[in-house]
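Remember, predicted model here, so these are calculated numbers, not experimental data. In what follows, chains carry the letters A, B, and so on, assigned in the order in which the sequence lines appear, proteins first and then strands, with residues in each chain numbered from 1.
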Amino acid sequence: MYTKPKGCYDIYGLDAKKWQYVNKVIDMLMEKYNYTFIRTPIFESSEVFHRGMGDSTDVVRKETYDFMDRGDRNMTLRPEGTAGVVRSYIENKMYGDATQPVKVYYNGTMYRYERPQSGRDREFTQFGVEALGSDDPMVDAEVISIPVNLFKMLGLKEIKVSINSLGDKESRDNHREALIKHFKPHLEELCPDCKERFAKNPLRILDCKVDKDHTYLKDAPSTIDYLNEESKERFEKVKEYLALLEVDYVVDPKLVRGLDYYNHTVFEIEAKVDGFGSNNVLGAGGRYNGLVTLLDGPETAGMGFAMGIGRLIQALELEKIKLPIVDDIEIFIMYVSETEKKYAMSLMQSLRMFGFRVETEYTSRGLKGQFKQADRLNSKLLIILNDEDLKKDEVKVKNNKTKEEVSIGLDYLLYYLDETLSIEDDHGCGCGESHDEEEHSCECGGHCHDKNENHDCKCGGHCHEDDGDHNCDCDGNCHKEG
RNA sequence: GCGAAUGUGGUGAAGUGGUUAACACGCCAGAUUGUGGCUCUGGUAUUCGUGGGUUCGAUUCCCAUCAUUCGCCCCA
C-alpha cells in the first residue's frame with residue numbers, strides 16, 4: 001500500500017468542509033479589506049528564499065525542500081509566502097501601480113522539512129497578507145487587525161496579540177551592539193545554538209527557549225529601550241491606531257521573530273486553547289521595509305503576516321466551535337424497480353436544477369438499506385417512488401424528522417418540497433443542523449447505539465472515547481482526536 | 001538533528017510461545033411477501049506493519065526496517 005509522504009495530509013470528508021468554510025470566511029474578510037488574491041508558484045529559485053529570509057535562519061539552513069530541476073537550476077519549495085510575493089511585486093513592477101499600497105493575500109501550501117508533530121506538518125497551509133508601498137503605521141495596525149477579526153468571525157474568543165518594535169536600522173544597530181556587549185562575558189554559558197546566534201544574529205538569542213531562564217537573558221537589553229525617537233514615535237502610533245481598530249494587545253519587549261527581514265513592528269497572535277502545547281502561535285508577522293531592496297527591487301515599505309490554517313482549525317476543534325457547514329441533504333429519492341430508477345434520475349435532475357440538494361441510491365440496496373443510507377446522509381425528506389403511484393402521477397414524500405408520509409401529485413411536488421424545506425430551515429439559528437451538539441454527554445459507555453434525542457453525534461456509531469463529551473464530528477471515522 | 005511511545009479486520013479494541021485470534025461498532029442478508037432507525041438470527045481477517053533471527057512451533061521473545069503519534073530544537 002502506498003502512503004502519503006511524511007508530514008503530509010489528506011483532507012477530505014468533514015475536515016474538507018471545515019477547510020472550505022474557513023477559506024470562504026477568509027475570502028469574505030479579504031473582500032471587505034480590499035485585499036486581492038495572489039497566487040505565486042509553489043517553488044521558486046532557491047535564491048529568493050535564501051536572500052529574502054536570511055541565510056542564518058533555521059528555516060533556510062536546514063528546513064527547506066530543495067531540489068535541482070532538469071535544467072540544473074536550484075529550486076526550493078516555498079517555506080513561507082512573503083518572499084515569493086515580494087519577488088512577484090518586483091518582477092511585475094507592481095511598485096508602478098497607481099494604487100499604492102498594493103494589498104494582496106495568499107492562501108496556499110508551504111513546505112518545511114521538519115519532524116512532524118502536533119500542529120506542525122511538512123506540508124502545511126498558510127493564509128497571509130502583504131501590504132507593499134506604504135510605511136504608514138496605520139498599515140501596521142490594519143494588518144494586525146486582520147487575524148484578530150478573522151478569529152472573531154470564526155468564533156475564537158480567547159486570543160492574545162503580542163506586539164513589539166525592533167525599530168529602524170539605526171535602532172537595530174544600537175541594540176545589536178548593546179546585546180553583544182551584554183552577552184560577551186556570558187558567552188560560555190550560552191547554549192550551542194546561542195553561541196552561533198551571537199555571531200550571526202544576536203537578536204535571536206532573546207528568542208532562545210533553552211536559555212530563557214538565565215538572569216543575563218532576562219536582564220538583556222530590550223529592543224524598546226534602544227528605539228530612537230523616530231522609531232519610538234512610530235511604535236506609539238501603531239499602538240494608538242490599534243486601539244482605534246479595537247485590537248487588544250500586550251507589548252512584549254522580548255518578542256523577536258525568527259526571520260531576518262523584519263524591522264519596526266513585529267507581532268504574534270496566539271490562541272489560549274487547552275491542549276495546544278507549544279504550538280499555540282497561530283499567526284505572526286511584521287514590517288519588512290528592507291526586504292524589497294534585498295531582492296533587488298526599489299526601496300519599498302512592506303507589512304504582512306501569515307497564519308497556519310491547520311492550526312487554526314485545530315484551535316476551532318479544541319474550542320468545540322460549531323461551524324455552519326452543510327452536512328446534510330434535502331431530498332433522498334428511493335426506488336426499487338428499473339422504471340422507478342429511471343424516473344428517479346429525471347426527477348433528481350429537475351430537483352437539482354431547481355436548487356435542492358438531492359441524493360439517490362447508487363448501489364442497488366433494498367428499500368431498507370436505502371432508508372438507512374438516507375439517515376446516514378441526514379436527509380430531510382425522502383421521496384419514495386412506486387410504480388403504482390407513478391401511474392397515478394403521484395409520489396410519496398416522507399418527512400424524515402416527523403416521519404409523516406404523504407402522497408403528493410407530481411404537479412404539486414415542487415411547491416410542496418419548497419414549502420416543507422423552507423419551514424425546516426427556519427428553526428432558529430439557520431444552521432440547518434441539530435443544536436445539542438455541544439452538550440450531548442452520551443452515557444453509552446463508549447459506543448453510540450442510537451442517534452436520537454439528545455445524542456447527536458455524527459460518528460456513525462463508533463465513537464469509542466467515553467470522555468463524556470466526545471464531540472467529534474468525525475462523520476464515521478474517529479481517529480483519536482483527543 | 002535529538003528523545004519517547006505505538007503498529008492486530010472497514011472502525012475501536014482484547015489476547016496468548018502451540019488445535020478454528022475475544023468482544024463491540026459498522027456493513028450485508030433474513031425475520032418484516034416494497035418502508036428504515038428497536039429487537040433477534042446469520043454472514044463478514046487463510047491472519048496480527050515488513051524483513052530476518054531464536055524455537056519442534058511465534059501474532060506473542062530478539063534484531064533490523066518502515067509507518068504513525070507525541071515531545072525537544074525551530075517555527076505558522
Residues in side chain to side chain donor-acceptor pair (under 3.5 Å) contact with A/Ser165, at least two apart in sequence or another chain: none
Per-pair stack call A/Phe124 and B/A76, 5.5 Å, 30°: yes
Whole-Å C1' distance, B/A64 and B/G57: 23 Å
Residues that A/Tyr416 engages under side-chain contact (heavy atoms from CB on, under 4.5 Å), provided they are two or more places apart: A/Val397, A/Val406, A/Ile408, A/Tyr412, A/Thr420
Pair pattern of RNA chain B in dot-bracket, where unpaired bases get dots and | marks partners in another strand, Watson-Crick or G-U under 3.5 angstrom: (((((((..(((.....[....)))((((((.......))))))....(((((..]....))))))))))))....
Contacts of A/Asp393 that satisfy side-chain contact (heavy atoms from CB on, under 4.5 Å) - sequence neighbours left out: A/Leu410
A/Ile384 side-chain proximity, nearest of B/C27, B/A76, B/G34: B/G34
Rounded interatomic separation in angstrom, taking OH from A/Tyr262 and P from B/A76: 6 Å
N/O (side chain, A/Lys368) to phosphate O (OP1/OP2, B/U32) under 4.0 Å: no
Residues that A/Arg51 engages under side-chain contact (heavy atoms from CB on, under 4.5 Å), provided they are two or more places apart: A/Glu47, A/Leu295, A/Asp296
Any N/O donor-acceptor pair, A/Glu114 side-chain to B/G1 base, under 3.5 Å: no
Touch class at under 4.0 angstrom, heavy-atom based, for A/Glu340 against every strand present: base
No-H, no-angle donor-acceptor pair, A/Arg311 side chain to B/C75 base, under 3.5 Å: yes
Touch class at under 4.0 angstrom, heavy-atom based, for A/Asp121 against every strand present: base
Geometric cation-pi criterion, A/Lys157 with A/Phe151: 6.0 Å, 45°: no
Presence of donor-acceptor pair under 3.5 Å, side chain of A/Arg115 and base of B/G3: yes
Residues in side-chain contact (heavy atoms from CB on, under 4.5 Å) contact with A/Glu394, at least two apart in sequence or another chain: A/Asp389, A/Lys392, A/Ser407
Sugar-phosphate, base or nothing in reach of A/Glu268, heavy atoms under 4.0 Å: nothing
Sugar-phosphate only, base, or nothing, as touched by A/Lys6 at under 4.0 Å among non-hydrogen atoms: sugar-phosphate
First encountered from the 5' end of RNA chain B, between A/Ile309 and A/Gly7: A/Gly7
A/Thr3 side chain near B/A67 phosphate (N/O to OP1/OP2, under 4.0 Å): no
